[in-house]
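Notes follow once the structure below has been shown.
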Amino acid sequence: MANRCRIWWPEKLLPLEPPLSSHHAPHNPSILFGWCFNGYGADSLDLVLVSAIPSDRISASFPRFCDLQETLTSINGKMPYRLQHKALFTLVGCCTVSETTFASEKEFNGDATEGCSEFQRSFLQKNGIWVQLLLSGTRSVSFGNDGIRTVPVVRNLHVGPDLLENCDCHVILYEIPTMGKNHYSLIPWGISQEKRSTLKKPSWIKILGEKPPVVDLESVILAVNCSNYAKLSIEEQARITGPVSRSFLVTIYDVVWHCVTLCLASIFTVAYHFIQCSHELLTCNFGKGLFFLGKLIPYSCKTVHVRSCQFLYWPVFLHKHTFSLFPNVEFSHRSSSRNHLWSSISTDLTFGILLSIFFLANTKPISNWILSICHTLTESILRSGCVWLMGVPAGFKLNTKLARVLGMLSLNMIQVYSTIWYFIGTSILGYIIVAFIIVGIVFGATLQLALFLDLVRLVTLHVTSLHWLVSVLYSRQIQALASLWRIFRGRKWNPLRQRLDSYGYTVEQHVVGSLIFSPLLLLLPTTSVFYIFFTMLNTIITLLSISVEVLISLLYVTPCYEIFLWVLNKTRFPSGVWFSNVSLPDEVVVSILHSNHARLGELIGPHYKNVFSGISSSFAKSMAYSMLTGCRITSNLSTSIPAITPWMKLGCKEYWKLCHDSILESTSTQKKRRFC
């Protein structure tokens, strides 16, 4: 016998009015539909109510019990398997409203169930449970900040033939979740069910989990999230909320939309044919040139490929993320939020157009600014720095001949590159800015940033080359000094065991080592000064490239669609539940189910975490080690930008049909979402 019963009551349940005469027993009870969850103990019962339909309406809509059973079976067939395993959506009992208390239990059992005895007998035989509620109207209760709510007043509760006299009845009001508005969730928004199971839990959580829970709250919340579909389905079959009739305007709208779909599919097919022809022309006729172009501007080529594949695959993405009428509102919300491809592309194009407008309005000042920066980098930093290093930099006495050789080599390379830039760069700078404007309008800001990244690499190629040349000289000198120092210590590096072993060197080896070690050690300050100078310049360029790469990755993964929905309606992103309670004078506890809302950091944090998951935790350490030893410094951060998908190879007819079917299916899905 259950002595604890929780009744999950929808706030907008069909109003139950008491009979006109309070001196007679009620004659038309309402049939209750919902889920019945038996607790882990035998003394707990959870009733998740969804709809209350008058018994005469049920009798008129379902003349036979098998008709109602077929309808319930059809509804349960579309429910999540996890919910079907716990409980089935069914007829749980009847509810009667009266202003007086009946004299005896027999009177209530006999008269209150008049009109629903057939369903009672059938469900008692099939499910073994039949709940009878006797309500004495409703009562307005103040919940503080939640305002005044109308709650049902439970007078008597029968489970099967037994009256629960000493039952702790707990009425919980909840708002029925609807698509695009709200739902409930026990886990934070940024954590999926799979990640939640892998999280490390404290020991007291494990001890608490070993105890049998009082209520299977996960199954109850799952039923609450599916309540809207069940409510609308059963009420439609009972002809309370029938299907929307098609008017003449709706028919005209469908015809017009079919014509628009044909036009859109044709336009996208023409663009698809143009992209495929361009790709074949570049790969077949200019294969080696395309390979060289990929090495010259790798970031731009990769971004163009990613955007082209996203355009080619958009019908597939639309078809993949087109949802049918899912009963679980939480699943629909989480699945639709993952599809932020279109919002990412729209945001990218918006920023690209804004940057293009800015460059178009300030073409001349930007050109002068670029030329000024290049002149400052060449004259004020590189030339002056090399001349300063050839003298006595900061009071250090350097080797004059080696400093002059390194300085003259650097000055000659700087002069050659500056001459090339003066004759070629100044003449094509205007065309580069025009190309920058065009790619921003067509492909968005990501390609503009990628093109800027490639141009920085090309403009600073002489700095990178000089740094590589000096770093090779510096690293070889450091390695030679380390090897010669091991001779004096009597140690030798064992490459097989990766360790230092003792070794007996001869006198001749020590003499030769001393003769080589001394000049290398004396020349090390001169090499180090040049290496430090070019390393500082190359590090600044590397940090600039890494910053632009991070900005490109953020533009790719920022969920603008989710942020927009979060600003409009935070209830769509729940992060746990809580209850506000109030006790009535008749010892009945009434609560309201609330949902915590995810913060903005919880919303965008998982996306940024995924994008930076490929970065090693020792990136800064390895970069510092490379700078000290003269090894090559990594110029990219290896962020996880969208993976390059295989090139689509479909005929124009197949692609047109794919576009047409995807658009039509997404339109029909939107109509179904309005139903839910």
Side-chain angles (χ1 to χ4, degrees), residues 296-297 358-359 362-433 436 448-449 451-474 525-549 551 623-624 626-628 630 632-636:
L296 188 64
I297 48 174
F358 175 77
F359 273 81
N362 302 276
T363 303
K364 191 65 175 177
I366 291 175
S367 302
N368 296 333
W369 181 71
I370 293 175
L371 293 175
S372 175
I373 288 180
C374 294
H375 182 269
T376 303
L377 177 64
T378 304
E379 299 295 336
S380 302
I381 298 179
L382 289 177
R383 290 183 189 274
S384 302
C386 291
V387 172
W388 179 63
L389 293 176
M390 292 170 65
V392 186
F396 287 99
K397 181 61 177 177
L398 304 181
N399 186 278
T400 307
K401 295 183 178 181
L402 180 60
R404 184 175 299 174
V405 169
L406 294 177
M408 291 303 297
L409 181 64
S410 302
L411 289 174
N412 289 332
M413 184 175 291
I414 293 169
Q415 180 63 38
V416 170
Y417 199 83
S418 61
T419 304
I420 295 174
W421 170 253
Y422 179 77
F423 286 104
I424 298 179
T426 54
S427 60
I428 66 173
L429 182 59
Y431 298 102
I432 293 176
I433 295 177
F436 197 82
Q448 286 180 320
L449 294 175
L451 184 60
F452 171 76
L453 203 58
D454 291 328
L455 291 177
V456 168
R457 292 177 67 252
L458 292 176
V459 170
T460 60
L461 184 62
H462 57 305
V463 179
T464 307
S465 302
L466 288 173
H467 174 263
W468 173 80
L469 181 63
V470 177
S471 64
V472 169
L473 180 61
Y474 174 77
T526 305
T527 310
S528 301
V529 167
F530 278 87
Y531 174 74
I532 292 172
F533 174 72
F534 287 108
T535 299
M536 291 174 61
L537 295 178
N538 187 69
T539 303
I540 294 174
I541 298 171
T542 301
L543 293 178
L544 178 62
S545 302
I546 289 175
S547 303
V548 176
E549 183 183 353
L551 188 57
M623 188 174 180
S626 301
M627 293 172 61
L628 292 176
R632 181 177 179 272
I633 301 176
T634 305
S635 60
N636 57 352

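In this chain, numbering begins with 1 at the start of the sequence shown.
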**Asked** Which pair of heavy atoms, one from S545 and one from L453, lies closest together, and at what distance?
**Response** CA-CD1, 3.4 Å
Using distance only, find each side-chain donor-acceptor pair of residues 463-471 under 3.5 Å and give its atom names and separation, not counting sequence neighbours.
| residue | atom | partner | partner atom | Å |
| --- | --- | --- | --- | --- |
| T464 | OG1 | T460 | O | 3.0 |
| S465 | OG | L461 | O | 2.8 |
| H467 | NE2 | T535 | OG1 | 3.3 |
| S471 | OG | H467 | O | 2.9 |
| S471 | OG | W468 | O | 2.8 |

**Request:** Could you label the plane-to-plane angle of the H462 and Y417 rings as parallel, tilted or perpendicular, counting under 30° as parallel and over 60° as perpendicular?
**Result:** parallel
**Prompt:** Between CG of L371 and NE2 of H375, what distance do you get to the nearest 0.5 Å?
**Reply:** 10.0 Å
**Fill in**
Between S380 and S384, the two heavy atoms sitting closest are O-CB, 3.4 Å
**Fill in**
Rounding to 0.5 Å, atoms CG (L398) and CG (L406) come to a distance of 10.0 Å
**Request:** Report yes if the side chains of S418 and Q415 come closer than 4.5 Å at any heavy-atom pair, otherwise no.
**Result:** yes
**Asked** Could you state the interatomic distance from CZ (F436) to CD1 (I366), rounded to the nearest 0.5 Å?
**Response** 8.5 Å
**Prompt:** Do side-chain atoms of T526 reach the backbone of L402 as a donor and acceptor pair under 3.5 angstrom?
**Reply:** no
**Prompt:** Between L449 and V548, which heavy-atom pair has the shortest distance, and what is it?
**Reply:** O-CG1, 3.6 Å
**Asked** How about F534 and S410: do any of their side-chain heavy atoms sit closer than 4.5 Å?
**Response** yes
**Message:** Give me the atom names and distance for the closest heavy-atom approach of M408 to M390.
**Reply:** SD-CE, 4.0 Å
**Prompt:** M536 pairs by side chain to side chain contact (heavy atoms under 4.5 Å, CB included) with which of I532, N538, T539?
**Reply:** I532
**Message:** Looking at every heavy atom in both S367 and L429, which two are closest together, and how far apart are they?
**Reply:** O-CD2, 3.9 Å
**Asked** Sub-3.5 Å donor-acceptor pair from the side chain of Y531 to the main-chain atoms of M627, do we have one?
**Response** yes
**Request:** Using atom types as modelled and distance alone, determine if a side-chain donor or acceptor of N362 lies under 3.5 Å from a backbone N or O of P365.
**Result:** no
**Request:** Could you tell me the separation between the CG atom of L377 and the CD atom of E379, rounded to the nearest 0.5 Å?
**Result:** 10.0 Å
**Request:** Given side-chain contact (heavy atoms from CB on, under 4.5 Å), test L382 with L537 step by step and report yes or no.
**Result:** CA-CA 9 Å; L382 289 177; L537 295 178; 3.4 Å; yes
**Fill in**
I414 and C386 have their tightest heavy-atom pair at CD1-SG, 4.0 Å
